[in-house]
2 protein chains.
Amino acid sequence: MILIGIAKGGHMTPQVQDSFKALADPTRREILKLLSQDDMTIAEVSTHFDMTRAAVKKHLTILETGDLIRVEARGRERINHLNPDGFAPVFDWLSHFDQFWDDRLSALKDAIEKDLQ
Amino acid sequence: MILIGIAKGGHMTPQVQDSFKALADPTRREILKLLSQDDMTIAEVSTHFDMTRAAVKKHLTILETGDLIRVEARGRERINHLNPDGFAPVFDWLSHFDQFWDDRLSALKDAIEKDLQ
DNA sequence: TAAATATGAAACCTTATGGTATTATGTCAA
DNA sequence: TTGACATAATACCATAAGGTTTCATATTTA
């Protein structure tokens, strides 16, 4: 996996903790899936959940803190869109265990090949 | 990224929520890093943190629920070891956004190439 | 077998979290 | 410019989460 850090102006460097915290809630993970399909206003995101707009807004704020989404003001609306780059710290942290996992996959592959002989 | 699910006896199928929840705490992420180096008893893990063994034990239980570690009884000790396969649900969920991220990288690559012309 | 060791488990405390309701503010449109 | 609309902000509530203390249980080992 290739990781490239790109400095962008106007945003705090997200702590890994903020990213993992943002991902820890099922509603927020669902919001990320939604935003991967379409940019949405807060009201639009809210229609997909059985909770108040205020609650959805809180989730969006936490996602923004984790830098997983970016929010753009457009008139009286706030357009929320996914920030794919924001996942980098998460992938980065997990890569340590990805390697571990790849080793296990290799072992599995070897075992299968041996089994086929 | 290739993902393979392997059924194993004697363990609950971990919900993605349990995995992400387990990863959401910095102490637990630190424990995972420790266990990627060495298998450890609860007491051994505890020496690395400024909290009681009981607290560490709770974290280990949450990690076990998320299937990120496995615990093996040996006499009066409990050997905690990393379960690399347990990360699969996390990688699986994130792969959706990995793709998104790769697309962005491609776009960046294209932009750079175009710029060099 | 008795003492020390390693863990399990329960009760309890404080703070964080996810949710609501209410009120305020800025923007659009007739 | 007034009413409707989209969001912001605050206070508040119930439960979950992270931690401690205390006590019980199972193994070693002297």
Side-chain angles (χ1 to χ4, degrees), chain A residues 10-12 14-35 38-82, chain B residues 10-12 14-35 38-82:
Chain A
H11 293 282
M12 287 281 297
Q15 301 300 310
V16 122
Q17 175 56 21
D18 293 325
S19 313
F20 275 105
K21 180 183 163 193
L23 290 172
D25 182 87
T27 298
R28 290 195 288 268
R29 289 196 305 278
E30 189 60 32
I31 290 175
L32 289 173
K33 288 235 167 187
L34 288 172
L35 294 182
D38 286 299
D39 293 353
M40 294 184 190
T41 64
I42 298 175
E44 283 171 335
V45 173
S46 297
T47 64
H48 293 81
F49 298 94
D50 186 26
M51 65 181 75
T52 62
R53 251 172 298 131
V56 169
K57 163 71 160 79
K58 280 192 181 181
H59 284 304
L60 289 168
T61 298
I62 292 170
L63 286 169
E64 191 182 11
T65 299
D67 204 32
L68 299 179
I69 71 171
R70 293 283 168 86
V71 185
E72 172 196 355
R74 200 168 65 193
R76 62 184 163 184
E77 298 181 330
R78 297 293 179 277
I79 312 298
N80 301 272
H81 56 94
L82 194 69
Chain B
H11 293 282
M12 287 281 298
Q15 302 300 310
V16 129
Q17 174 57 22
D18 293 326
S19 312
F20 275 105
K21 180 184 163 192
L23 290 172
D25 182 89
T27 298
R28 291 195 287 270
R29 289 198 304 278
E30 190 60 32
I31 290 174
L32 290 173
K33 288 235 168 187
L34 288 173
L35 294 182
D38 285 300
D39 293 352
M40 293 185 190
T41 64
I42 297 176
E44 283 172 335
V45 173
S46 298
T47 63
H48 293 80
F49 298 93
D50 186 27
M51 64 181 75
T52 62
R53 253 171 305 149
V56 170
K57 163 70 162 79
K58 281 192 182 183
H59 283 304
L60 289 168
T61 298
I62 292 171
L63 287 168
E64 190 182 11
T65 299
D67 204 32
L68 299 179
I69 69 171
R70 293 284 167 85
V71 185
E72 172 196 355
R74 200 169 65 193
R76 64 182 161 186
E77 297 181 328
R78 297 292 179 280
I79 312 299
N80 300 273
H81 56 93
L82 193 70

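Note on naming: letters A, B, ... go to the chains in the order of the sequence lines (proteins, then strands), and numbering restarts at 1 for each one.
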Between atom [atom1] in [X] and atom [atom2] in [N], what is the gap in whole Å?
{"X": "Met51(A)", "N": "dT20(C)", "atom1": "CE", "atom2": "C1'", "answer": "12 Å"}
{"X": "Arg78(B)", "N": "dA9(C)", "atom1": "CZ", "atom2": "P", "answer": "9 Å"}
{"X": "Lys21(A)", "N": "dA16(D)", "atom1": "NZ", "atom2": "P", "answer": "18 Å"}
{"X": "Glu77(A)", "N": "dT27(C)", "atom1": "CD", "atom2": "P", "answer": "13 Å"}
{"X": "Asp25(B)", "N": "dT17(C)", "atom1": "CG", "atom2": "P", "answer": "11 Å"}
{"X": "Asp18(B)", "N": "dA17(D)", "atom1": "CG", "atom2": "C1'", "answer": "15 Å"}

Residue whose closest nucleotide on DNA chain C lies nearer the 5' end, Ala54(B) versus Ala55(A):
Ala54(B)
At their closest point, which heavy atom of Lys21(B) faces which heavy atom of Arg28(B), and how far apart are they?
O-NH2, 3.1 Å
Can you tell me if the side-chain N/O atoms of Lys57(A) get under 4.0 Å from OP1 or OP2 in dA6(D)?
no
Answer yes or no: does a side-chain N or O of His59(A) lie under 4.0 Å from OP1 or OP2 of dT17(C)?
no
Any base atoms under 4.0 Å from Arg74(A), or only sugar-phosphate, or nothing? Heavy atoms, all strands.
nothing
So which nucleotide from [options] ends up closest to the side chain of [X]?
{"X": "Lys58(A)", "options": "dG19(D), dG8(C), dT20(C)", "value": "dT20(C)"}
{"X": "Arg76(B)", "options": "dT5(C), dG18(C), dT20(C)", "value": "dT5(C)"}
{"X": "Arg53(B)", "options": "dT7(C), dT20(D), dG19(C)", "value": "dT7(C)"}

